[in-house]
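Report on one structure; see the data block that follows.
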Amino acid sequence: MADLPATVGAALAAARGRIPAGEARLFLREILGVTAARIAAYPEDTLTPEQAGRFADLLARRESGEPVAYLLGVREFYGRDFKVGPAVLIPRPETELIVDLVRERVPVGAAPTILDLGTGSGALAVTLALELSAAQVTAVDFSSAALAVARANADALGARVRFVESDWFAALTAGERFGVIVSNPPYVADGDPHLAEGDVRFEPASALASGPAGLDDIVRIVTAAPAFLEPGGWLLLEHGYDQAPAVREQLRAGGFAEVASARDLAGIERITLGRRP
């Protein structure tokens with residue numbers, strides 16, 4: 001116990017040079033249940049041995065590269081806190097663009113049927129169900145562990161979502177049609193060196209990599225989607241920073257109209273969409 005930090009200031013000093021200061025403060029806020037202002041103003045606040053031990057554990061795990069979202073068990077998406085863990089991909093801010101694009105295409109007061117393929121934490125499905133309160137949202141994932149996380153998020157946030165364990169469209173009822181299909185599928189190339197770097201090392205590989213060019217799952221979705229889309233229905237796909245031309249080509253080859261790509265806040269073509277004629 002002698003090596004554990006006894007105060008907030010000592011904890012911040014122990015973290016210096018090991019992890020970013022902002023992350024250390026975030027851990028202390030979580031452990032102590034106080035505001036950032038309190039952390040900054042009262043470095044003399046004491047830590048119990050239990051609190052100090054928890055901080056030391058979080059510090060060591062973060063220093064080894066474990067994602068902050070997994071350590072705290074939560075990540076914000078579209079202004080809401082979503083539970084996350086190693087069974088699901090950590091929601092990214094750029095994926096919020098899909099929600100914006102869907103909202104732009106759904107008339108006010110409409111009750112669209114929406115399908116989220118590979119829902120993971122449920123961030124997209126739950127957010128769309130809450131933002132479009134009349135929508136009927138179905139979310140699929142092949143991972144039962146991921147679906148358990150997604151269901152917990154839907155329950156916690158009060159969203160009405162139907163969950164189906166499925167390998168993309170495989171378990172859906174024949175003849176089902178949706179007005180909107182969205183997906184943030186795996187799109188990293190097998191063997192990409194980024195898979196061995198940073199937070200990605202701890203995320204489920206099955207949610208990240210997809211063939212030699214990273215396009216295998218996108219091709220599967222684009223090929224099968226027309227049979228599950230209503231006439232005039234939209235398909236929206238997230239993809240890698242350099243994949244927009246290839247995804248547009250796939251959509252056009254699949255008979256989609258009004259094919260276009262949208263840029264995220266970093267100016268990267270991140271979402272490509274098309275409409276079934």
**Item:** Worked verdict on Leu28 versus Leu12 for side-chain contact (heavy atoms from CB on, under 4.5 Å)
**Value:** CA-CA 9 Å; Leu28 286 168; Leu12 293 173; 3.7 Å; yes
Quick one: does [X]'s side chain have a donor or acceptor within less than 3.5 Å of a partner on [Y]'s backbone?
{"X": "Arg270", "Y": "His239", "value": "yes"}
{"X": "Arg103", "Y": "Leu128", "value": "no"}
{"X": "Thr113", "Y": "Gly179", "value": "yes"}
{"X": "Thr127", "Y": "Leu124", "value": "no"}
{"X": "Arg275", "Y": "Ala257", "value": "no"}
{"X": "Glu94", "Y": "Ile271", "value": "no"}

* To do: Name all residues meeting the salt bridge (Lys or Arg N to Asp or Glu O under 4.0 Å) criterion together with Asp216; count only those two or more places apart in sequence or in a different chain, and write none if there are none.
  =>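 Asp216: no salt bridge (Lys or Arg N to Asp or Glu O under 4.0 Å) contacts found.
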Show me the donor-acceptor pairs within less than 3.5 Å that the side chains of residues 244-251 make with the rest of the protein, sequence neighbours left out.
unit_1: Arg248; atom_1: NH1; unit_2: Ser261; atom_2: OG; d: 2.8
unit_1: Arg248; atom_1: NH1; unit_2: Glu269; atom_2: OE1; d: 3.3
unit_1: Arg248; atom_1: NH1; unit_2: Glu269; atom_2: OE2; d: 3.3

Quick one: pull up [atom1] in [X] and [atom2] in [Y] and give me the separation to the nearest 0.5 Å.
{"X": "Asp217", "Y": "Asn184", "atom1": "CG", "atom2": "CG", "value": "11.5 Å"}
{"X": "Arg92", "Y": "Asp264", "atom1": "CZ", "atom2": "CG", "value": "13.0 Å"}
{"X": "Arg80", "Y": "Leu130", "atom1": "CZ", "atom2": "CG", "value": "4.5 Å"}
{"X": "Glu131", "Y": "Asp100", "atom1": "CD", "atom2": "CG", "value": "9.0 Å"}
{"X": "Thr46", "Y": "Leu32", "atom1": "OG1", "atom2": "CG", "value": "9.0 Å"}

According to side-chain contact (heavy atoms from CB on, under 4.5 Å), who are the partners of Ala171, at least two apart in sequence or on a separate chain?
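Partners of Ala171 under the side-chain contact (heavy atoms from CB on, under 4.5 Å) test: Val164, Ser166.
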Listed by chain and number, what are the side-chain contact (heavy atoms from CB on, under 4.5 Å) partners of Arg16, not counting sequence neighbours?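 Arg16: side-chain contact (heavy atoms from CB on, under 4.5 Å) contacts with Ala13.
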Checklist entry - Salt bridge or not for Asp155 and Lys83, using N-O below 4.0 Å? => result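 The answer is no: the pair does not qualify as a salt bridge.
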* Please list all pairs passing the side-chain hydrogen bond (donor to acceptor under 3.5 Å, both in side chains) test where one or both residues lie in residues 140-151, with sequence neighbours left out. =>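 Every candidate side-chain hydrogen bond (donor to acceptor under 3.5 Å, both in side chains) pair involving residues 140-151 fails, so no pair, neighbours aside, qualifies.
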Quick one: does Val126's side chain get under 4.5 Å of Phe77's, heavy atoms only?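 Side chain of Val126 against side chain of Phe77, heavy atoms only: no contact under 4.5 Å found.
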* Side chains of Phe256 and Leu273: closer than 4.5 Å at any heavy-atom pair? ->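 Phe256 does not reach Leu273 side chain to side chain.
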Any salt bridge (Lys or Arg N to Asp or Glu O under 4.0 Å) pairs touching residues 175-186, not counting sequence neighbours?
->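 The answer is Arg162-Glu176.
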TODO: Following the transitive rule for hydrophobic clusters with a side-chain heavy-atom cut-off under 4.5 Å over Ile, Leu, Val, Met, Phe, Trp and Tyr, establish whether Trp234 and Leu97 coincide in one cluster.
DONE: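 Result: yes, single cluster for both.
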Phe228 vs Phe169 aromatic rings, parallel, tilted or perpendicular, using cut-offs 30° and 60°?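 Ring orientation, 0 to 90° scale: parallel.
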